[in-house]
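First comes the structure, then the notes that go with it.
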Amino acid sequence: MTINLLKNISRFFILVLVQILVLNNIQLSGYVNPYLYVLFILMLPLDIPKWMLLVFSFLLGLSVDVFSNSSGMHAAAATFMAYCRPFVLDIIKPRGGYEFTSEPTINDMGHNWFVAYSGILILLHHLVYFFIEIFRFGELFSIFSRIILSSAFTLILVVIVQLLFTKSKTT
């Protein structure tokens, strides 16, 4: 339990630092904004209480907001993503259900499951974030372009990080 807590705390700080120091400075033609910090929410244990999931996600988004000067947009999007996570987990549940001791990683749950899980939640996060950021229906094409391109780029980053930094399952 203590090891998992320390692992999640260090993951929180590392992802916030990478987001603030590196990824916030990357904007490809104004349409692609990578938000790797959402990986923290994606990798929280399956058996985490919902209230704790919401609190951690809000604090994560607020941390990114403080250093990005984005007025609560990340906090709102991260909290919405955390709110939707149990529903997404229920929708894409494997036939045998989940082993609640496992983590939702690419190695524990499989590539297809992880890409579907991450893709849905990242898309929901970006949908809320970019609608709050732009908030003009006159720019609907621009909003959807940014949502799709940023979600795809973030998903690719999340999968690459998962492949590089998670231990493979031993049988």
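Since the structure is predicted, the reported quantities are computational estimates derived from the model, not experimental observations. Sequential numbering from 1 along the given sequence is applied to the chain's residues.
- Between Tyr35 and Phe130, the ring-plane angle classifies as tilted under the 30° and 60° cut-offs.
- Every ring-ring contact (aromatic ring centres under 6.0 Å, His included) that Tyr117 has, sequence neighbours left out, goes to Trp113.
- Here the side chains of Ile41 and Leu121 are not in contact, with every heavy-atom distance at 4.5 Å or above.
- Taking each heavy atom of Asp65 and Ala75 in turn, the nearest pair found is OD2-N, 2.9 Å.
- No single ILVMFWY cluster, assembled from side-chain heavy atoms under 4.5 Å apart, contains both Leu54 and Met73.
- You'll find the side chain of Ile147 reaches within 4.5 Å of the side chain of Phe144, heavy atoms only.
- Note that CZ of Phe141 is 12.0 Å distant from CD1 of Ile143, once rounded to the nearest 0.5 Å.
- Listed by chain and number, the residues in a side-chain hydrogen bond (donor to acceptor under 3.5 Å, both in side chains) with Asn69 amount to none (sequence neighbours excluded).
- Between Leu23 and Leu157 the shortest side-chain heavy-atom distance falls below 4.5 Å.
- Looking at Pro45 and Asn8, their side chains come closer than 4.5 Å, going by heavy atoms from C-beta outward.
- The hydrophobic cluster containing Ile9 also contains Leu39, counting ILVMFWY residues as joined when their side-chain heavy atoms lie under 4.5 angstrom apart, directly or transitively.
- Here the side chains of Val16 and Phe40 are not in contact, with every heavy-atom distance at 4.5 Å or above.
- Cluster membership for Leu46 and Ile92, using ILVMFWY side-chain heavy atoms within less than 4.5 angstrom, is shared.
- The structure places CD1 of Ile106 at 10.5 Å from CG of Leu164, a figure rounded to the nearest 0.5 Å.
- Atom CZ of residue Phe165 and atom CE of residue Met43 lie 11.0 Å apart, to the nearest 0.5 angstrom.
- Connection of Met109 to Ile91 is established within a shared hydrophobic cluster, with ILVMFWY side chains joined at heavy-atom distances below 4.5 Å, either directly or through further cluster members.
- In this structure, the separation between CG on Leu155 and OG on Ser150 is 12.0 Å, given to the nearest 0.5 Å.
- Between Asn33 and Tyr129 the shortest side-chain heavy-atom distance does not fall below 4.5 Å.
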*Apply side chain to side chain contact (heavy atoms under 4.5 Å, CB included) to the pair Leu36 and Thr154, showing each step before the final yes or no.*
CA-CA 6 Å; Leu36 186 63; Thr154 301; 5.7 Å; no

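- Both Leu60 and Phe67 are part of a single hydrophobic cluster, where members link through side-chain heavy atoms under 4.5 Å apart.
- Side chains of Tyr37 and His74: a donor on one and an acceptor on the other come within 3.5 Å.
- Put simply, the side chain of Ile134 reaches to within 4.5 Å of the side chain of Arg146, judged on heavy atoms.
- For Asn112, the CG atom is loosely surrounded, since the number of other residues' heavy atoms within 6.0 Å does not exceed 12.
- Put simply, the side chain of Met81 does not reach to within 4.5 Å of the side chain of Leu124, judged on heavy atoms.
- Take Ser68 and apply the side-chain hydrogen bond (donor to acceptor under 3.5 Å, both in side chains) test, not counting sequence neighbours, and it matches Asn24.
- Within the 3.5 Å criterion, the main-chain N or O of Leu44 finds a donor-acceptor partner in the side chain of Arg85.
- With hydrogens and angles ignored, the 3.5 Å screen pairs a side-chain donor or acceptor of His126 with a backbone N or O of Ile122.
- Ser151 OG to Ile156 CD1: the interatomic distance, rounded to the nearest 0.5 Å, is 11.0 Å.
- At most 12 non-hydrogen atoms from other residues, nucleotides or ligands lie less than 6.0 angstrom from CZ of Phe58.
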